[in-house]
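In this text, all values refer to a predicted model and were calculated from it rather than measured experimentally.
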Amino acid sequence: MKEKSTSYYLIRDRIIAKREKDGKCCKDYLLRDGKWVEDTSYRFEDTGILLEMDEISEEQAISILNQHILDVLKSKWKAEFAVKKEEWDKNPRWPAKLVKTKFILNGVQYSLFPNDIGLTYDSWDQGFMETIQSDISEDLEVYGAVDIHNIGFID
């Protein structure tokens, strides 16, 4: 019977890697843009940076992975929604309150609020967030988020 295991690593305090072993066979992955990408060009252990590599727990790896995913998405949303926000500000449709998007990412529950994507808690900004919540949900699903709930109330 082959023994399967996964180990996670933090390389140079900034790169997340994992090694999946299945018997004598192993595959290495690096975290790139919030997704695991197979390290086919070289094995991360063979790069000469082994001394700068620390094994970390799965919980630590998930926490770092999730934070990386959320940072990538928040930056994307701030840039992507800037034009829509300018149009909204010219003719806002409705005010809202208590707007947030709740979801589970890799087993951890999160909530996104207007200020997380560069908006304020102003009722008009919250109304704008309601208009983009479906786009936010779609992006979250791409990165594996589940149990996504968009919450908000017209003010």
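Taking CZ from Arg19 and OG1 from Thr6, the interatomic distance works out to 11.5 Å, rounded to the nearest 0.5 Å. The structure places CG of Leu119 at 11.0 Å from CG of Leu112, a figure rounded to the nearest 0.5 Å. If you take OH on Tyr9 and CG on Asp28, they are separated by 8.0 Å, rounding to the nearest 0.5 Å. Here Ile64 contributes atom CD1 and Ile16 contributes atom CD1; the two are 3.5 Å apart, rounded to the nearest 0.5 Å.
Looking at Asn66, its side chain does come within 3.5 Å of a backbone N or O of Leu105 through a donor-acceptor pair. Distance alone, capped at 3.5 Å, is enough to place a donor-acceptor pair between the Gln133 side chain and the Lys100 backbone. Without hydrogens or angle criteria, Asp22 side chain to Cys25 main chain gives no donor-acceptor distance under 3.5 Å. Between the side chain of Asp139 and the backbone N or O of Ile136 there is no donor-acceptor pair closer than 3.5 Å. With hydrogens and angles ignored, the 3.5 Å screen pairs no side-chain donor or acceptor of Ser75 with any backbone N or O of Val72. Side-chain N or O atoms of Gln126 include one that pairs as donor or acceptor with a backbone N or O of Leu98 at under 3.5 Å.
More than 12 heavy atoms of other residues, nucleotides or ligands sit less than 6.0 Å from atom NZ of Lys76. By the neighbour-count criterion of 12 heavy atoms within 6.0 Å, atom NZ of Lys21 is sparsely surrounded, having that number or fewer from other residues, nucleotides or ligands.
Note: the hydrophobic cluster containing Phe113 does not contain Trp88 (ILVMFWY, side chain heavy atoms under 4.5 Å, direct or indirect links). Hydrophobic clustering (side-chain heavy atoms under 4.5 Å, transitive across Ile, Leu, Val, Met, Phe, Trp, Tyr) keeps Val37 apart from Leu65. Cluster annotation: Leu73 and Ile104 are assigned to distinct hydrophobic clusters (Ile/Leu/Val/Met/Phe/Trp/Tyr, side-chain heavy-atom contacts under 4.5 Å, transitive). Linking ILVMFWY residues whenever their side-chain heavy atoms come closer than 4.5 Å, directly or via other members, leaves Met129 and Tyr121 in distinct clusters. Residues Ile151 and Ile117 do not share a hydrophobic cluster, defined by chaining ILVMFWY side chains whose heavy atoms lie under 4.5 Å apart.
Nearest heavy atom pair, residue Ala145 against residue Phe103, reads CB-CD1, 4.0 Å. Nearest heavy-atom pair, Gly152 versus Glu130, reported as atom, atom and distance to 0.1 Å: C-OE2, 3.3 Å. Considering every non-hydrogen atom in both Asp116 and Lys78, the closest pair reads O-CE, 3.8 Å.
Proximity of Glu141 to Ile148: side-chain heavy atoms (C-beta onward) are separated by under 4.5 Å at one or more points. A heavy-atom distance below 4.5 Å is not found between the side chains of Thr120 and Phe128. Within the 4.5 Å cutoff, the side chain of Lys84 has heavy atoms near those of the Asp135 side chain. Proximity of Tyr29 to Glu20: side-chain heavy atoms (C-beta onward) are separated by under 4.5 Å at one or more points.
For the pair Lys97 and Phe153, the cation-pi test (distance below 6.0 Å, angle within 45°) is failed.
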Please step through side-chain contact (heavy atoms from CB on, under 4.5 Å) for the pair Ile132 and Glu80, ending with a clear verdict.
-> CA-CA 10 Å; Ile132 60 173; Glu80 184 177 297; over 6 Å; no
Step by step, work out the side-chain contact (heavy atoms from CB on, under 4.5 Å) result for Tyr8 and Ile62.
-> CA-CA 9 Å; Tyr8 296 88; Ile62 288 172; 5.8 Å; no
**Chi angles and distances behind the side-chain contact (heavy atoms from CB on, under 4.5 Å) call for Asp125, Lys85** = CA-CA 8 Å; Asp125 275 8; Lys85 176 67 167 81; 2.7 Å; yes
query = Between Trp36 and Leu31, does a side-chain contact (heavy atoms from CB on, under 4.5 Å) hold up when you go through it step by step?
reply = CA-CA 5 Å; Trp36 291 113; Leu31 182 64; 4.1 Å; yes
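Side-chain atoms of Asn91 and Glu87 include no donor-acceptor pair closer than 3.5 Å.
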